[in-house]
Each structure stands twice: as structure tokens, then as C-alpha cells.
Amino acid sequence: MSIPILVAVAWPYASGSRHLGHLAGAYLPADVFARYQRLAGNRVLMVSGSDVHGTPITVRADAEGVTPAEIADRYHAEFVGDWERLGISWDLYTSTGTANHAVVTHDLFLTLLQNGHIDKRTSEQYFDVDAARFLPDRYIEGTCPHCGYTEARGDQCEDCGRTLDPDELVDPRSRITGTVPELRETEHFFLRLSDFGEELGGWLDTREGWRRHVLNFSRGWIEEGLQDRAITRDLEWGVDVPVDDLGPGKRIYVWFEAVIGYLSASKEWAQRQGDPEAWREWWEGDARSVYFIGKDNIPFHTIIWPGMLLGYGGLNLPTDVPANNYVTFKGGKASASRGVGLTIGEALGLFEADAIRYALAASLPEQSDTDISVEEIGRRVNEELVATWGNLVNRVLSMVHSTCGAEVPGPGSRTGDDLALLDRIDEALVRVGGQIDRVELRAGLRTGMEAAAAVNAYLNATEPWRLAKVDPERASVVLGTALAAVSGVRLALAPYLPFSSSALDDVLGELHAWRRIEPEPGTPVPKPTPLFLKVNLEELLADGADGGRGGTVG
RNA sequence: GGCGACGUAGCUCAGUUGGUGAGAGCGCUCGACUCAUAAUCGAGAGGUCGACAGUUCGAAUCUGUCCGUCGCUACCA
């Protein structure tokens, strides 16, 4: 039975490099899930893209003296390169800067407006007279009322860490002109989230299999009472507002617009397929939609986006939002800007892609935050990935090469022990499939590695290197069995380790289904090269690649 | 301050709705093997499950208090 499954993945913010925490939080788990579902025969649509709007990008652009588009383009290109090198298997990776995205955003906005879920309200905001524009919180500086820090921003004091409102600042001044801003009335559109509180609460109560921290967090939000939220801003950079009664200088705010990316990307994908209506298969009826995000994104995906979908009507709400917790580096929250943890690019300079994928998949913060370091990644790679799996492949292929005439042997007559091993592997495949389907990805990887260990144990028990001298026929059967078992383990690990998996295509055949395949007898088996490189930790650390200082900041 | 969590073997982490003697990987000790990237396999040692009090026939698992850690509380997403 083939099911349409939308794999919706958090939109990375194109304001700077993403780090391993982001990778472990959303992109890697989504990719493992999607790769498995495709092998299982389901119709996967995996989409995401770069989020290119919002204030931090304009702040960075101002600081560097370039346009926001240049910042967004730079990091979008970097992300695309990261995904390529990591093997993240998008059906479409786009951005929120496309014309299509604006069209879809306008459709959502206008429909919600027409349905009465968006209204217009007036508030007071700081206005820079010289620059003739309203100022986002981050564009206002002043003295922190709590600690006296003179460079505090309108949204937060970076010295004492407290969050602020701009009107709390002593001696506020504009970051653009340095003049004293004045409060002026401004109009903005608001999403009437409060319209959906009851319905969303009821919907959450029907969710089964959701992670506890995701449900707790979401219910907490609803119990506190949903606040209507402004969805436009006084900005020049963003999707424009599709009605003109607000006047110029207003844009749709990123959090409203970015989540729409899941839908606009699906539509863009359909258009590229030459079948503009094809997206409906994943958004209507009996489709599954699974949103892979970090925990900081939970309310946007369990409250706000579902609310928008309810208000729009006719589209599926998320089936599951298996949000991850954080990966910390030596106890500190990863942050590229503070030099804590490794960016994806830095990590790819130190480790092979599959090595990174393995180490992170083994440490995914599915239940609680997990801690990682360069040393820990290296240890996982050397003592688990290389020792258990890479070495198993190498020892089996080496023996087949040297004792089976350098080709895949026929099955021969397998004994009960041989068949028991293969049964064990097939059971593991069923288990791994179930675990990945439930997004228990660490457990699935563990199951796959245990299967590899079982093959190692089988070899130690049957000792084909000795049989080769006394009973070549039996040795051939054992090695053929071991190779068939390796074929199954390789499939179990394929969603996690796509590069090393496909490196075995020549000997073991290409993967097309979630079912162990018998290697084709007679297939040439050359002298193997190691599947993974061992990590030289001392060298890495001597080069200063310690992933930052770690520890806690602030 | 408010909110959400977390504190389980040396390290990193699992422990569904409370109930056979508390688990895994790695590390450590001992043993087997030597085909394989000094890799593998087996056995073992090691924890009063942060502290205190309570509910219960019975709690790592529920309640309260305390100590410690983290995240959120943004016109970041």
C-alpha cells in the first residue's frame, strides 16, 4: 500500500551558516525518514527552502553595506552546497524569495482576510523622522533600564540578556541615523489566532504518537490563551501586502509567510513536474504530513500554521511534528555566531558525510537535549561505525575476494545456523522500518548496528578463514551467507548512510525496496577498500578543530 | 519573574499507562579468535535512578519542597 507522505522540513534562515545542531534537529532526521519511506514504496514529497526575509538579514546587510538580497543569496547558495554534500534528498529545495511563494502567500492572506481571520489594528511605534520610516525593535538602541548598558537593542539587552520593549529604553536612538525616534501611530494586520483556540485544542487532543514535549508545549500555549499576532511589519524587505490600504513601507512578517513555504514549495514542485495540480495529493485526503523541526519552532507548526490552515480551509493539518530538542556542544547551545559548535561546512571539512550522519543520528535529541563534541563524533566514527560496520564489510568482502574466486558465491546448501542469521537480519529490517516510520531514528540506527554485530558474531562462530583450509565448500556457503546478511544490514543502514550504501551497489546491487536482496552469484568482488576512513582525532584536535570552546554563554 | 523541561553506571544516553533482581553503546577488567581499518566475539566489574518528605501493598516512574543545569519568554525563525 503506497501512501503519499509530505516530508516538510524547517526553512533555514539565510542570515548565516547553519550548524550541526540544525542538521541534527531537522534536516538529517527528515532525510533518513524520507529515504526509508521511498524504499518502503511510499510516495514522498520532501520540500523546504531558504527563508530569505526578516529583520536579522536586513541588520546584517546594513552592517556589511550590502543589500539583503546579497546576504540571502550568499547563504542560500551555501545551504544548497551543504545539502548536496550531505546527501539531503530533497524533492525540491527552494526559497521564500520566489514569485510563486509571493503568489501563494497572497492567496493565504487574502483568503484569511476574506474569511474574517485577519483584521487591521493601530498601534504606536518608533519612527525615524530623518529616515522617514518606522523602526523595527532591532533598529533602536539605547540604555538598558536594568543594567545600564548603553548599547542595548530595542528587543533585548545583550549585556544582561533581558528581553525589552523599545519604549523601556532610556535615551532611545535610531540605529540608522542616530536621531531620537518619536512614537507614531501605525496600522498593521493581525491574524486572529484566538479564533482557533478551541478547535486547535480539540485537534491536539486527537493526536496520537506525538512526542510528549511537543504536546505539552503546544497545550501550554493554548491554555495560556492564544494571542492575535501582527503579521505585517514596517519593513522594505519581505513579501508585499496584497492590499494597499496600509500604505507603503509595509511587508508581511516572516513568521506568517515562512510556514506557507511548505505549501508554496509543494506547488512549485508540481509546476516543475508539468502537473500544476499534483501537489494536492499531499495536502488533501489521506496523506500523511510530517514536519521536521527543532523545538524552538514548535508553536509555529503546532498552533500558528495549523490555525492558518483551519482558517484557509480544505488542506491537511500536520499528521505529526516530531520536533527535536537541541544538540549542545560541550554543554553549550550551538551558535555559529558565538563560535560554539561546528557549522555544517566546518564539519564537512573534518569528517566524511556519512560519518557526520552516523554520529548525529546516533545522538539525535529525540527525547531530551544531547551533548556532542568533535571528540564524541570521532569516537562514534572510529569505535562504532568503522569498528562494527565498516570493518564487517571489509572482512567479508576480503574473504570473499580471496577464497571465493573474487566473485559472489552461490547460496549452496545453507544450514540452520545460516538461515537463523538471515532470519535475524530480516527481523531487524522489519524492526528498523517500524522504528523509522515512528520517527524513532536513534533506535532504528541502533537496531541496524546490532544486526551488524550479529553478523560479526556469526563469523566468529563459523570461522570461515579456517574452513577455507579444511572445507572450502562450507567456507563458500558461510561467506555467501555472510554476504547476504551484509546485504540486509546495508539496507537497514541505507537511510542513514546513503553514500557508503551506494558504494556497495556494484557488489550487492542497487536498492529498490525495503527487502533484503541476495547478491547475484558470479558478481565480481574486487579487493575491497575501506568503507569509511578512520578519524585521526589527535590530528584534528591539534589543528584546533575543537568545535569552539563549548560551555555556556551569558 | 513566568513558561517548558532536565538531573539514571567513568562518558553519552534509553527507560510506554508506577510492579519479575534498573538497561544500551563506548570506556575498564578477563578470556576467545586472528579473516578484517590493532578491527571482531564472549564474560565480568561498575549505579542507594540529584536531595528530602509524601501517596501506594509497591516508585527511577505520581505529588510537594529544595539544590543544580538548560531552553523559551524577540518586530530570530
Side-chain angles (χ1 to χ4, degrees), chain A residues 10-15 22 51 53-57 59 125-126 134-140 153-156 162-166 188 212-214 216-221 223-224 229-235 251 253-255 258-259 293-300 325-326 328 331-333 362-373 375-376 379-380 382-384 386-388 390-403 440 442-443 446 449-450 452-461 463-468 475 479 482 528-534 552:
Chain A
W11 291 56
Y13 196 51
S15 63
H22 296 117
D51 179 357
H53 296 135
T55 312
I57 286 179
V59 169
Q125 306 231 333
Y126 277 115
F134 284 97
L135 298 170
D137 287 6
R138 287 193 172 208
Y139 278 85
I140 301 162
R153 292 197 317 243
D155 58 340
Q156 180 183 44
R162 284 182 220 252
T163 55
L164 304 171
D165 282 327
H188 282 292
R212 197 190 319 183
H213 73 272
V214 176
N216 282 352
F217 195 94
S218 306
R219 288 193 174 123
W221 253 59
E223 282 165 20
E224 282 179 28
R229 298 178 65 123
I231 57 171
T232 51
R233 292 288 183 273
D234 296 293
L235 273 179
R251 291 291 184 277
Y253 175 46
V254 278
W255 70 250
V259 288
I293 60 167
K295 67 177 170 187
D296 51 340
N297 257 320
I298 288 174
F300 291 92
N325 288 287
Y326 290 140
T328 60
K333 186 190 175 190
S363 313
L364 289 179
E366 294 176 332
Q367 310 299 331
S368 57
D369 292 354
T370 58
D371 198 57
I372 205 171
S373 62
E375 294 93 316
E376 174 71 0
R379 187 198 65 70
R380 290 266 193 200
N382 288 347
E383 291 163 14
E384 298 179 17
V386 169
T388 303
N391 180 244
L392 170 64
V393 172
N394 209 42
R395 72 193 291 212
V396 170
L397 292 183
S398 291
M399 280 190 280
V400 169
H401 173 75
S402 59
T403 72
E440 298 168 5
R442 279 172 61 148
R446 187 75 241 133
M449 292 299 283
E450 284 169 359
V455 185
N456 275 320
Y458 167 84
L459 290 174
N460 283 25
E463 301 187 310
W465 52 90
R466 195 165 64 186
L467 291 172
L479 289 173
T529 52
L531 210 48
F532 310 102
L533 298 173
K534 249 191 150 174
T552 307

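Quick note on labels: first sequence line is chain A, next is B, and so on, each numbered from 1.
By the 4.0 Å N-to-carboxylate-O rule, A:R379 lies too far from A:E375 to be salt-bridged with it.
Considering all non-hydrogen atoms of both residues, A:Y326 and A:D296 come closest at OH-CB, 3.0 Å. When all heavy atoms are compared, the tightest approach of A:H213 to A:E366 is CE1-O, 3.9 Å. For the pair A:T55 and A:L235, the tightest heavy-atom approach, listed with the atom from each and the gap, is OG1-CD1, 4.1 Å. When all heavy atoms of A:G54 and A:V254 are compared, the closest pair comes out as N-CG1, 3.2 Å.
Considering only residues two or more places apart in sequence or on other chains, A:E463 meets the side-chain hydrogen bond (donor to acceptor under 3.5 Å, both in side chains) condition with A:R466. With sequence neighbours left out, the ring-ring contact (aromatic ring centres under 6.0 Å, His included) criterion links A:Y13 to no other residue. Residues passing the side-chain hydrogen bond (donor to acceptor under 3.5 Å, both in side chains) test with A:S15: none are found, sequence neighbours excluded.
In this structure, A:E366 atom CD and B:A14 atom C1' are separated by 11 Å, rounded to whole Å. If you take CE of A:M449 and C1' of B:A14, they are 17 Å apart, rounded to a whole angstrom. Atom CZ of A:R379 is separated from atom C1' of B:G25 by 7 Å (rounded to the nearest Å). At whole-Å resolution of the value, CD in A:E440 and C1' in B:C13 are 15 Å apart. When the C1' atom of B:A14 is taken as reference, atom CG of A:D369 falls 16 Å away, rounded to whole Å. We find that CG of A:D371 is positioned 12 Å from C1' of B:U69, with the value rounded to whole Å. One can place CD1 of A:I372 at 12 Å from P of B:U12, the figure rounded to the nearest angstrom. Spacing between atom OH of A:Y326 and atom P of B:C13 amounts to 16 Å, rounded to whole angstrom units.
Distance noted for atom P between B:U17 and B:A5: 14 Å (whole Å). Nucleotides B:A60 and B:G50 have their C1' atoms positioned 12 Å apart, rounded to a whole Å. If you take atom C1' in B:G58 and the same atom in B:A14, they sit 23 Å apart, rounded to whole Å. The same atom, P, is picked in B:U29 and in B:U65; the two are 46 Å apart, to the nearest Å. B:U12 and B:C52 have their P atoms separated by 23 Å, with the value rounded to a whole Å. Separating the C1' atom of B:C66 from that of B:U56 is a span of 23 Å, rounded to the nearest Å. Look at the C1' atom in both B:C28 and B:G10: the space between them is 9 Å, to the nearest Å. Straight-line distance between the P atoms of B:G64 and B:C6: roughly 13 Å, to the nearest whole Å.
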> Tell me, for nucleotides 32-43 of chain B in 5' to 3' order, what letter each nucleotide earns: B for a base near a protein heavy atom under 4.0 Å, S for only sugar-phosphate near one, - for neither?
Replying inline: -SSBBB-SBB--
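Atom-to-atom distance recorded for A:L531:CG and A:N394:CG is 8.5 Å, nearest 0.5 angstrom. Put simply, CG on A:N297 and CH2 on A:W255 are 12.5 Å apart, with the number rounded to the nearest 0.5 Å.
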What protein N or O atoms touch nucleotides 4-9 of chain B N or O atoms at under 3.5 angstrom, if any, and at what distances?
from: B:A5; atom 1: OP1; to: A:N216; atom 2: ND2; distance (Å): 2.3

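Taken together, the paired segments of RNA chain B that extend over three or more consecutive Watson-Crick or G-U pairs, each closer than 3.5 Å at both contacts, are B:1-7 with B:67-73, B:10-13 with B:23-26, B:28-32 with B:40-44, B:50-54 with B:62-66.
Within 4.0 Å (heavy atoms only), A:Q125 reaches at least one base atom of the nucleic acid.
With hydrogens and angles disregarded, a donor-acceptor distance shorter than 3.5 Å links the side chain of A:H188 to the backbone of A:T232. In this structure, A:T370 contributes its side chain and A:S363 its backbone to a donor-acceptor pair below 3.5 Å.
Between B:U12 and A:S363, no contact under 4.0 Å exists linking OP1 or OP2 to a side-chain N or O.
Under the 3.5 Å distance criterion, with hydrogens and angles disregarded, no donor-acceptor pair is assigned to the side chains of A:N325 and A:S368.
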